[in-house]
Each structure stands twice: as C-alpha cells, then as structure tokens.
Q: 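Quick one: the structure is below, and I'll ask about it shortly.
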There are 2 protein chains.
Amino acid sequence: MPKNESAARGARTRGDRTRSERSIDVHDAALTLFAERGYHGTSMKDIAAALHLRAPSLYNHVSAKQEILRDVMVETMNDLLKVVRSAMAGTDDTVLKLRRAAEAHVRYHARHPREVRIGNHEIPALEEPHRSAITKLRREYSRMFVALIERGVEEGVFTTRSPLLSAYAILQMGIGVSMWYRPDGPLSEDEIVFHYGDTALGVVGGVSGRAGAPATEGAKRPPKRAVGSKK
Amino acid sequence: MPKNESAARGARTRGDRTRSERSIDVHDAALTLFAERGYHGTSMKDIAAALHLRAPSLYNHVSAKQEILRDVMVETMNDLLKVVRSAMAGTDDTVLKLRRAAEAHVRYHARHPREVRIGNHEIPALEEPHRSAITKLRREYSRMFVALIERGVEEGVFTTRSPLLSAYAILQMGIGVSMWYRPDGPLSEDEIVFHYGDTALGVVGGVSGRAGAPATEGAKRPPKRAVGSKK
DNA sequence: CCTACCGATCGGTAGG
DNA sequence: CCTACCGATCGGTAGG
C-alpha cells in the first residue's frame, strides 16, 4: 500500500488537471524508486512490481516513463519556489527574510527528500524541452537568494564579499539535509531547521544567531540547549 | 584525445598495480560520461565511441563496466581522505585545522568535479561489497570533521550547538562547488577556497574570518576586495 | 488488469 | 583492435 502523502498533495496541481487515484500510486512508487536507484536504474517493471502489477498495466495510468520524471521535477520545482517565495513575503526585514527563506528551504528538503533528490540528480535524464525549463526554474530559485543577500549587503546588514558563494552555501546545506535526514533520527526537523536558519545568517556574515541572537522570530523555538539530545 | 590529468595521477595507486596507458584512457572517458549522464545512463558503447572504438574493444583494458565505477569511487575516496588528513596534520591549532581541512575539501571538489560527482551520485549503482566499503570510508571522512569541530567546542573556540550539523553544512558547501565551478568562470579556485574557508569558521561559530580575521594563514591570500571581479 | 509480443539496446564473449 | 553474436532486459503496443 503506497503512501501518497506528497503525491496526493500535488495531485491537483498545474494545468494537467486532476490525476487519477491509480496514477498517483504509480507516481508515488516511481518517486521512491527513482530517488533510491536513479531514473535509469529503475525499470517500469520495478515500478509495477512495487504495486504488485505487470509493467504494461502502468500504461493505463501514465503514458511514458519520461512523463513521470517530468511531472515530478516540474511540480517539485514550482512547489519549492512557491513555498520559499511565500516565506520571504511575510516580512520586509532583509535579515528575517533570509532566515525564513533558509528555514523554508531546509524544511522542504527534510519533508520531501525523494522529490528533491530526483530534482538534484536527474537533470541529465530529463529530455528537452523540459530540461531547459527546469534549469531556468532552478536559476530563478538561486537568483532569489543571491538577490536577497545582495540587498542585505547594500543595507549593511550582511558582510559577505560574495553573495553568490554565500547563497550557494546556504542552498547546498538544505540539499544535504535531504540526503541524511530521517524523521525517526536523533535530530528533529525543527532542530535542523532552526540550526540552519542561524547558520545561514552566519554564512552571510550577519548576526550569527548563535552569538546572542535577538529573538527575531519569537514563536516556537526550542530551549537553547545542545541540539540532538532527543530523549 | 582524452585528457588524462587526474586519471594519470591515480594510475599507480593502490594494490591494483600499474594501469596500462589505454586502460587510463578508458577510465578517463568513463569518468566524463558517468559524471555527465550517470552510470546507468552511460553504455559501454558510449565510452567506446568517445575513444573512437567499438564496445568489445574496451574489454581488452577493463574487465567490466562495474569495475570502472568501483575503481573511480574507491580511489577518489581514498585520495580525498589522504588530502584532507594531510591538510589537518600541518598544525595543532584546532581553528586552523578546520580552516585547512575545509579549504582542502573545497579545493579537491573544484579540481576533481567528475570524480566527486560520481562519488556522490552513484553509490546505489555500486554493487556490494564495494558499496559498503565506500559508505564506511565516507562515514570516516565526515567523522573527521565532526570530531574536529567537537574538539573546538570543548576548547571553547567554536560555539556551534551541533557539531554534526555544522560538519554536514561545511561538507555540502564543497560538494556544491563540484556542481557549478568552471576554471574559466568568474570566480577563481582560490577565491572560492578562501571564501569557503572563512565561511566554514562562520558555520561553527568561530572567528568568522570575515569580521576582522587574523591572518592565521599568512601566505598567498588575495587582497580583501569583493570576490568575483576577475578582470 | 493481463498475456503475448515488438524492435532496440544492454553488457559481455568467441574467435580471430 | 575488429565482426559476429549471445541471452537478457529495456520501454512500449496490441488486443482482449
């Protein structure tokens, strides 16, 4: 029985109208396998087997293997852009914008590891014209962070001499989370999100968050003890 | 005509004795293609074509496709471990150790993008028992960084509340470099290496390097102007 | 949802 | 280093 959590969430997205129940199952099984073994390392037979089906049956729900990859990558990138844009829109303060954007970025990677692993690994497996479209969305995404950091430098709240390098460092931090985070592991999602929110400010040379950070974001922060000591 | 630079460097490594000239060419062509399209996305015919050969000819120089992958991954991981260990061994100062380790890590990723891309992407494509061996080496590598940061916290020179999260952030930063760095791009290798050396100290909450860093490492640092303005 | 089947391609071998 | 060829597997279709 497949877990449709995120696939179901995306079921009604974009112009491709509502996806059938069974099509969601196929996408979800593919999501798991593509993330584990890669696109080229997964066969339609593998996906079918995960659903206790024969490969040809999949074609009642999807038109091609490549279509599944395209759907996953396009929806994920649009979703991520939306989430982070919305996180940034909540405030006019540049420092807080960066904190919230970094937190949203990290949280998304913790919650959707399969999607972002595929997004980061399978670009070469995506056929044109979609590969170019995804590449453009990715550039737009990183550009948001670079522009924000440049603004902070102009305002004098960040001191980094390379907003580009700082943005890349922050983005990579989140991508890394998708490679090792497990909900049942020693670090909670919030601990990771908050720690890396602080770290992002350290990366740009802003108030480090660690060395006596003001409670810029008052709510729901864990008490300041060592991270990773979940009882 | 293949460029053997790094492959040639590794030709005499490990117990597998000297590799023949032609075998180096095959490994080098495979390195490029595996890095670009992935292991499963590359056929022996593709590798042969890059050398103007037919696929069966490759088997005069390598015994199997999987063997090429194994060689690349094992040698790369051993090489990286050696380079970073040696960078750390040059001093007893924990802060400087971390700076040098981070710099060596970043520099290696800038110089060997194909190797580390494969190392980070093709773990699932590697068959046992080598996959377990590589996983163990990788854990050893990240453990070096974690242990070093823990030591700095004990000494009071770092303030991070999670050496693990800090180590992962620093490691990811370097991995990211391998995805976008180009020698003919706007940022020089040294600019990236030094900036991320500073950033690493910011990540652990040490002296940020940006905010009035002492010239801990005296030599060959570029003048302190904005990064990325190569003329 | 299945079985039967398609042409294409895969990694690899035989034999020179 | 090649041609010829092996069995296996690939994504996908026909037809029910």
Side-chain angles (χ1 to χ4, degrees), chain A residues 1-2 4 19-73 118 121-131, chain B residues 1-2 4 16 19-73 118 121-122 124-131:
Chain A
M1 190 157 309
N4 303 341
R19 214 132 67 197
S20 79
E21 293 266 331
R22 211 63 180 126
S23 163
I24 294 170
D25 291 347
V26 174
H27 277 74
D28 189 74
L31 206 47
T32 299
L33 290 167
F34 289 175
E36 279 173 4
R37 318 178 185 173
Y39 178 78
H40 291 304
T42 303
S43 68
M44 290 301 272
K45 192 180 172 186
D46 293 333
I47 298 170
L51 298 167
H52 309 290
L53 297 176
R54 314 286 172 176
S57 301
L58 298 178
Y59 292 89
N60 293 310
H61 309 290
V62 296
S63 68
K65 188 190 178 192
Q66 178 71 205
E67 181 204 56
I68 307 176
L69 180 65
R70 187 237 297 150
D71 285 352
V72 168
M73 294 193 70
I118 294 168
H121 285 53
E122 305 299 345
I123 296 176
L126 192 62
E127 294 166 12
E128 293 292 7
H130 304 99
R131 186 170 60 235
Chain B
M1 190 157 309
N4 302 343
D16 63 44
R19 213 131 67 198
S20 79
E21 292 267 333
R22 212 64 180 122
S23 164
I24 293 171
D25 292 346
V26 174
H27 277 74
D28 189 75
L31 205 47
T32 298
L33 290 167
F34 289 175
E36 279 174 4
R37 317 177 186 173
Y39 178 79
H40 291 303
T42 303
S43 68
M44 291 301 273
K45 193 178 171 186
D46 294 332
I47 299 170
L51 298 167
H52 308 290
L53 298 176
R54 313 286 173 178
S57 302
L58 299 178
Y59 292 89
N60 293 311
H61 309 290
V62 295
S63 68
K65 188 191 178 191
Q66 178 70 205
E67 182 204 57
I68 307 176
L69 180 65
R70 186 238 299 152
D71 285 353
V72 168
M73 293 192 72
I118 294 167
H121 285 41
E122 305 298 345
L126 191 62
E127 292 168 12
E128 293 292 7
H130 304 99
R131 186 170 61 233

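Naming: A, B, ... by sequence-line order, numbering from 1 per chain.
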Q: Do B/Glu127 side-chain atoms and B/Gln66 backbone N/O form a donor-acceptor pair below 3.5 Å?
A: no
Q: Taking all heavy atoms of B/Tyr59 and all of B/Met44, pick out the closest pair and write down the distance.
A: OH-CG, 3.5 Å
Q: Work out which heavy atom in B/Gly41 is nearest to a heavy atom in A/His40; give both atom names and the distance.
A: CA-CD2, 3.6 Å
Q: For A/His61, which residues count as a side chain to side chain contact (heavy atoms under 4.5 Å, CB included) partner, sequence neighbours excluded?
A: A/Ser20, A/Arg22, A/Ser23, A/Val26
Q: DNA chain D in dot-bracket, Watson-Crick or G-U pairs under 3.5 Å, [ ] crossing, | other strand?
A: ||||||||||||||||
Q: Show me the pairs that pass salt bridge (Lys or Arg N to Asp or Glu O under 4.0 Å) and involve residues 40-54 of chain A, at least two apart or across chains.
A: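 Qualifying pairs, neighbours excluded: A/Arg37-A/Asp46.
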Q: Only counting residues at least two apart or in another chain, list the ones meeting ring-ring contact (aromatic ring centres under 6.0 Å, His included) with B/His121.
A: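 Partners of B/His121 by the ring-ring contact (aromatic ring centres under 6.0 Å, His included) criterion, ordered by chain and then number, come out as A/His121.
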Q: Assign a letter to each nucleotide of nucleotides 3-16 of chain C from its 5' end: B, base within under 4.0 Å of a protein heavy atom; S, sugar-phosphate only; -, no contact.
A: BB-----SSBB---
Q: Go through the structure and list residues passing side chain to side chain contact (heavy atoms under 4.5 Å, CB included) with B/Glu128, not counting sequence neighbours.
A: B/Arg131, B/Ser132
